[in-house]
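The next block holds one structure in the form of structure tokens; read it before the comments.
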Amino acid sequence: MRIATWNVNSVRSRIDRVEALLVRHEIDVLALQETKARDDQWPVMGLEAMGYEVATLGHDQWNGVAIVSRVGLDDVQPGFEGMPQWGDPLASEARALGATCGGVRMWSLYVPNGRALGDPHLDYKLAWLSALREAARGWLDDDPTAQVALAGDWNIAPLDEDVFDITRFARSTHVSPAERAAFTAVLDAGYVDLAREHTPGPDVFTYWDYYRQRFERNRGMRIDFVLGSPALAQRVTGAAVDRDERAGKGASDHAPVIVDLD
DNA sequence: ATGGTCGTTTCACGA
């Protein structure tokens, strides 16, 4: 089984690339972020014709997440227990969608961006991550053998080598000690980065700004991750970042992260 | 400090 995550940056402008990605890599379950489409705007027809089911969680303005699966799509759940309320104006930027696909509890996560040090959105990001960690810990408490994938755009670069030049990020979000601690806390709750061992850095990134030829110069960030429960981590046989997907005209600013399971 | 480039419910703003 092959699972993947991709911040697609508008599914309507890139549905051809989504379909080609699924075919090219024979992906069974794909978590998408920044779909930027209301549920009624989602271009599902081609995907369904290819044998995939689609669960969407749209958004009135930005973001939006989805799960695309050809191995079942059951128990679809928007958000996780304890996630900050939808009514909170700051909460509108965060999205989480869970579903069980082929025996794996798959989550498509868009972790809040945080915007800037000192911005209330950063406090919200940390609170959101804290709630996610507690929920994820609970799933393992309930069933230590659960197969859980926390896949998405985490908007955190956990290591210095996960940004193209750490000295340029001294006063930036994504690398602050508090954000990195929030990421580490999910690892401490029992989850494992499923891709890093198979995609060692430095200079392995999943996101490159559109401007200043950041991709062409490989000046990016590694901020997209699939974290897995212990039972899922045991099944990993390989992983890859589809860097080619970021190349050329009409690309998303993120590359897909793909994980192979036995 | 600024600007560069994408996307969208665009002539503004989030990333």
Side-chain angles (χ1 to χ4, degrees), chain A residues 5-21 31-44 56-66 84 86 88-96 108-129 151-158 162-176 179-180 182-183 205-225 241-257:
Chain A
T5 184
W6 189 26
N7 180 323
V8 68
N9 187 18
S10 171
V11 70
R12 284 175 292 164
S13 69
R14 255 176 281 288
I15 185 61
D16 290 350
R17 279 178 175 262
V18 172
E19 293 173 1
L21 179 81
L32 291 167
Q33 301 86 36
E34 289 207 60
T35 51
K36 297 186 178 178
R38 295 191 312 265
D39 294 343
D40 62 291
Q41 296 174 313
W42 242 90
V44 296
T56 67
L57 182 59
H59 192 270
D60 56 346
Q61 192 169 17
W62 304 108
N63 303 322
V65 295
W86 302 117
D88 182 334
L90 293 179
S92 63
E93 68 174 54
R95 296 274 105 164
S108 181
L109 305 173
Y110 182 81
V111 175
N113 177 284
R115 297 196 182 184
L117 297 185
D119 191 304
H121 286 86
L122 181 54
D123 297 328
Y124 173 67
K125 177 181 192 173
L126 296 172
W128 194 94
L129 285 162
D153 179 353
W154 288 74
N155 274 314
I156 298 171
D162 294 335
V163 297
F164 64 88
D165 180 358
I166 190 62
T167 67
R168 290 169 172 258
F169 287 77
R171 287 169 296 279
S172 304
T173 59
H174 295 59
V175 300
S176 72
E179 288 165 274
R180 286 178 167 178
F183 187 88
F205 305 125
T206 64
Y207 161 82
W208 302 258
D209 267 335
Y210 279 124
Y211 40 79
R212 290 200 164 188
Q213 298 186 298
R214 286 275 173 82
F215 177 71
E216 289 74 8
R217 299 191 292 160
N218 196 31
R219 297 167 80 77
M221 306 170 71
R222 191 202 287 247
I223 56 176
D224 298 88
F225 298 97
V241 177
D242 183 7
R243 201 177 180 285
D244 293 343
E245 176 56 52
R246 177 62 178 81
K249 195 172 167 63
S252 169
D253 44 2
H254 292 250
V257 178

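Chain naming here is simple, since letters A, B, ... match the order of the sequence lines and numbering starts at 1 in each. As the structure is a prediction and not an experimental result, all values here were calculated from the model.
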Rounded off to whole Å, could you give me the [atom1]-to-[atom2] distance for the [X] and [N] pair?
{"X": "A:Lys36", "N": "B:dA15", "atom1": "NZ", "atom2": "C1'", "answer": "7 Å"}
{"X": "A:Asn9", "N": "B:dC13", "atom1": "CG", "atom2": "C1'", "answer": "14 Å"}
{"X": "A:Trp208", "N": "B:dT5", "atom1": "CH2", "atom2": "C1'", "answer": "16 Å"}
{"X": "A:Gln33", "N": "B:dG14", "atom1": "CD", "atom2": "P", "answer": "21 Å"}
{"X": "A:Leu122", "N": "B:dA15", "atom1": "CG", "atom2": "C1'", "answer": "15 Å"}

Any non-hydrogen side-chain atom of A:Thr56 less than 4.5 Å from a side-chain atom of A:Arg38?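 In short, these two side chains do not touch, never coming nearer than 4.5 Å.
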Both A:Asn155 and A:Gln41 contact DNA chain B. Taking the nearest nucleotide for each, which residue is further toward the 5' end?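 Counting from the 5' end, the first nearest nucleotide belongs to A:Gln41.
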In terms of the nearest nucleotide of DNA chain B, which residue is placed more toward the 5' end: A:Asp209 or A:Arg214?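 Per heavy-atom nearest nucleotide, the more 5' residue is A:Arg214.
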Name all residues meeting the side-chain contact (heavy atoms from CB on, under 4.5 Å) criterion together with A:Arg243; count only those two or more places apart in sequence or in a different chain, and write none if there are none.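 Result, side-chain contact (heavy atoms from CB on, under 4.5 Å) vs A:Arg243: A:Trp208, A:Phe215, A:Asn218.
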Do any N or O atoms from the side chain of A:Tyr210 and from the backbone of A:Asp253 form a donor-acceptor pair under 3.5 angstrom?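 Confirmed, A:Tyr210 side chain pairs with A:Asp253 backbone.
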According to salt bridge (charged side-chain N to carboxylate O under 4.0 Å, His left out), who are the partners of A:Arg14, at least two apart in sequence or on a separate chain?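 For A:Arg14 there are no salt bridge (charged side-chain N to carboxylate O under 4.0 Å, His left out) partners, ignoring immediate neighbours.
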What's A:Arg12 touching, base or sugar-phosphate or nothing? Going by heavy atoms closer than 4.0 Å.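 A:Arg12: backbone/sugar contact only, no base atoms under 4.0 Å.
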Tell me whether the side-chain N/O atoms of A:Arg115 come closer than 4.0 Å to OP1 or OP2 in B:dA15.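 So the side-chain polar atoms of A:Arg115 do come within 4.0 Å of the phosphate oxygens OP1 or OP2 of B:dA15, strictly under.
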Please tell me if A:Arg14 has a side-chain N or O lying less than 4.0 Å from either OP1 or OP2 of B:dG7.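 For A:Arg14, the contact criterion (side-chain N or O under 4.0 Å from OP1 or OP2 of B:dG7) is met.
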